[in-house]
Number of protein chains: 2
Amino acid sequence: MVVQTDLSDAEVDRIFRALADRTRRDIVRRTLLREASVSELAADYDMSFAAVQKHVAVLKEAGLVVKHPRGRQRIVRADPDQIARARHLLVRLEELWRDRFGQLDDVLADPTTQE
Amino acid sequence: MVVQTDLSDAEVDRIFRALADRTRRDIVRRTLLREASVSELAADYDMSFAAVQKHVAVLKEAGLVVKHPRGRQRIVRADPDQIARARHLLVRLEELWRDRFGQLDDVLADPTTQE
DNA sequence: CGTTTGTACAACCATTTGGTTGTATACAAG
DNA sequence: CTTGTATACAACCAAATGGTTGTACAAACG
């Protein structure tokens with residue numbers, strides 16, 4: 001299965017930036033396991049509701065979570081596809097290293113190279 | 001093969017933060033393919049030598065590149081292992097999602113679960 | 001209705017980031 | 001030894017980040 005819609009530099013910036021914070025990584029982890037409202041999330045961190053709200057906004061801008069309304073709450077859910085895209089960026093770097101002496105053409109032409 | 005020495009939150013912060021910049025990702029890419037001195041790197045970016053020096057420092061703090069002296073130059077080389085560790089963090093997130101309805105106990109106890 | 005709960009958003013603030021220039025030092029080359 | 005090159009590092013600056021408080025509004029509740 002291939003998810004890979006190519007990401008712009010700015011999008012990649014946002015994804016890694018969003019992941020570069022413990023609280024935000026924790027929000028992703030939690031909402032990956034089970035969606036939660038912003039206030040449910042906020043209850044578990046030692047900071048204001050508004051601060052958590054901002055963290056969720058950063059994650060949403062990065063596409064790592066989606067938000068949808070349910071009554072007066074906003075339900076947050078992590079997007080595993082976006083996490084997979086981030087992982088794929090690192091995989092591509094690693095592939096680059098593995099093939100660093102080789103000719104990229106062959107790798108691209110190789111019909112066994114898929115994901 | 002297991003690389004996984006567990007990373008602290010601060011270390012993970014540094015790794016993702018370091019990757020959240022186009023210039024730094026490009027430096028990683030380049031020095032993954034072929035080591036380069038700081039001035040060789042600096043020549044290719046539209047910013048001062050000092051700015052590139054700082055980017056390399058951020059990458060070094062994150063463990064994504066290593067620097068070693070060669071005469072008067074400082075040779076920069078990307079560390080594929082650290083990139084693999086970063087990837088593994090995302091893989092673990094994805095696994096969490098995959099197993100989200102399952103009982104974690106069983107997974108931990110399963111003798112076939114190894115890496 | 002009025003009250004409480006959940007969210008949005010603006011204004012503000014300290015710190016960090018990403019860039020600059022300038023100065024100092026180390027090594028290589030004449 | 002002198003000169004040029006590669007690097008280090010400090011000081012500075014604007015903008016972004018990560019937090020705060022306060023205000024406003026919408027939905028659920030009594």
Side-chain angles (χ1 to χ4, degrees), chain A residues 8-31 34-78 86, chain B residues 8-31 34-78 86:
Chain A
S8 73
D9 283 318
E11 286 169 328
V12 178
D13 284 7
R14 277 193 290 272
I15 293 173
F16 284 128
R17 191 101 203 28
L19 290 170
D21 179 279
R22 172 193 161 83
T23 302
R24 286 195 293 261
R25 285 191 301 273
D26 197 64
I27 291 173
V28 170
R29 226 173 277 126
R30 286 192 51 184
T31 61
R34 189 182 208 283
E35 61 181 20
S37 73
V38 180
S39 46
E40 280 168 352
L41 292 173
D44 286 358
Y45 303 104
D46 189 24
M47 65 184 72
S48 70
F49 173 83
V52 174
Q53 218 176 9
K54 279 193 182 182
H55 281 305
V56 171
V58 169
L59 289 168
K60 183 169 150 258
E61 284 311 298
L64 288 165
V65 305
V66 294
K67 264 169 86 174
H68 63 273
R70 176 144 74 213
R72 61 186 156 188
Q73 355 192 49
R74 294 299 177 272
I75 304 300
V76 181
R77 181 165 39 83
Chain B
S8 73
D9 284 315
E11 284 169 328
V12 176
D13 285 6
R14 278 193 289 272
I15 292 172
F16 284 129
R17 190 107 206 21
L19 290 170
D21 180 279
R22 173 193 160 83
T23 303
R24 285 195 295 260
R25 284 192 300 274
D26 197 63
I27 291 173
V28 169
R29 225 173 278 126
R30 288 193 49 186
T31 60
R34 189 181 209 284
E35 61 181 19
S37 72
V38 179
S39 46
E40 280 168 352
L41 292 172
D44 287 357
Y45 303 103
D46 188 26
M47 65 185 74
S48 68
F49 173 85
V52 174
Q53 218 177 9
K54 279 193 182 183
H55 281 305
V56 171
V58 169
L59 289 168
K60 183 169 150 258
E61 284 310 296
L64 287 165
V65 305
V66 294
K67 265 170 84 175
H68 64 272
R70 175 143 76 215
R72 61 186 156 187
Q73 359 192 45
R74 295 297 177 276
I75 304 301
V76 181
R77 181 166 41 80

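Just so it is clear: chains get the letters A, B, ... in the order the sequence lines come, proteins before strands, and each one is counted from 1.
- Residues B:Arg34 and B:Glu40 are not paired through a salt bridge, judged by the lack of any N-O separation under 4.0 Å between the basic side chain and the carboxylate.
- Atoms CZ (B:Phe49) and C1' (C:dA24) sit 14 Å apart, rounded to a whole Å.
- Between A:Gly71 and A:Val58, the residue whose closest nucleotide on DNA chain D is further toward the 5' end is A:Val58.
- Rotation axes derived from the C1' atoms of the five outermost pairs at either end of the helix from C:dC1-D:dG30 to C:dG30-D:dC1 lie 20° apart, to the nearest 10°.
- A:Lys67 has a side-chain polar atom (N or O) that falls below the 4.0 Å cut-off from OP1 or OP2 of C:dA8.
- Rounded to whole Å, atom C1' of D:dG18 lies 6 Å from atom NE2 of A:His55.
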Can you check side chain to side chain contact (heavy atoms under 4.5 Å, CB included) on B:Arg17 and B:Glu61, steps first, answer last?
CA-CA 11 Å; B:Arg17 190 107 206 21; B:Glu61 284 310 296; over 6 Å; no

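- Which of C:dG19, D:dT20, C:dG6 sits closest to the side chain of A:Ser48 comes down to D:dT20.
- Proximity note for A:Ala51 (side chain, C-beta onward) versus D:dA28, D:dT7, D:dT20: the nearest is D:dT20.
- In A:Arg29, the CZ atom is crowded: over 12 heavy atoms of neighbouring residues, nucleotides or ligands sit closer than 6.0 Å.
- Considering only side-chain atoms of B:Gln73, the nucleotide from C:dT7, D:dT7, C:dG18 that sits closest is D:dT7.
- Here the side chains of A:Lys54 and A:Met47 are not in contact, with every heavy-atom distance at 4.5 Å or above.
- Between B:Glu61 atom CD and C:dG18 atom P there is a gap of 14 Å when expressed in whole angstrom units.
- For A:Ala50, the listed nucleotide lying nearest its side chain is D:dT21; candidates were C:dT4, D:dT17, D:dT21.
- Checking C:dG18, C:dT21, D:dC29 against every side-chain atom of B:Asp21, the shortest atom distance belongs to C:dG18.
- At D:dG18, one or more side-chain N or O atoms of A:Arg17 fall inside 4.0 Å of OP1 or OP2 (strictly under the cut-off).
- Closest contact between the side chain of B:Arg74 and the listed nucleotides D:dA8, D:dG18, C:dG19 involves D:dA8.
- Taking only side-chain atoms of B:Lys54, from C-beta outward, the nucleotide of D:dT20, D:dA11, D:dT7 with the closest atom is D:dA11.
- OP1 and OP2 of D:dG18 both lie 4.0 Å or more from every side-chain N or O belonging to A:Thr23.
- Computed from coordinates, the B:Arg14 CZ to C:dT17 P distance equals 11 Å when rounded to whole Å.
- B:Ser39 contributes atom OG, which lies 6.0 Å from atom CD of B:Gln73 (distance to the nearest 0.5 angstrom).
- If you take CG of B:Leu41 and P of D:dA8, they are 12 Å apart, rounded to a whole angstrom.
- When side chains are defined from C-beta on, A:Arg22 does not count as touching B:Val12, because their heavy atoms never get closer than 4.5 Å.
- Look at CZ on A:Arg22: it is 12 Å from P on D:dG19, rounded to the nearest Å.
- Remark: of the listed residues B:Val66, B:Leu59, B:Val56, B:Val56 is the sole one forming a side-chain contact (heavy atoms from CB on, under 4.5 Å) with B:Val76.
- Here the nucleotide nearest the side chain of A:Ser39, chosen from C:dT17, D:dT7, C:dT7, is C:dT7.
- For a distance-only test at 3.5 Å, the side chain of B:Gln53 qualifies as a donor-acceptor partner of the base of D:dA8.
- With a 6.0 Å radius and a threshold of 12 heavy atoms from other residues, nucleotides or ligands, B:Lys60 has its NZ atom at or below the threshold.
- Sequence order on DNA chain D of the closest nucleotides to B:Glu40 and A:Arg70 puts B:Glu40 first from the 5' end.
- When distances are taken from the side chain of B:Arg24 to each of C:dT20, C:dG18, C:dA11, the shortest belongs to C:dG18.
- Ranking C:dG18, C:dG6, C:dC27 by closeness to the B:Arg72 side chain, first place goes to C:dC27.
- The phosphate of D:dA6 has neither OP1 nor OP2 within less than 4.0 Å of any side-chain N or O from B:Ser37.
- Rounding to the nearest 0.5 Å places CG of A:Asp44 at 4.5 Å from CZ of A:Arg30.
- Atom P of nucleotide C:dG18 and atom CG of A:Asp13 are separated by 9 Å, given to the nearest angstrom.
- The distance between atom NE2 of A:His68 and atom P of C:dT7, rounded to the nearest whole Å, is 12 Å.
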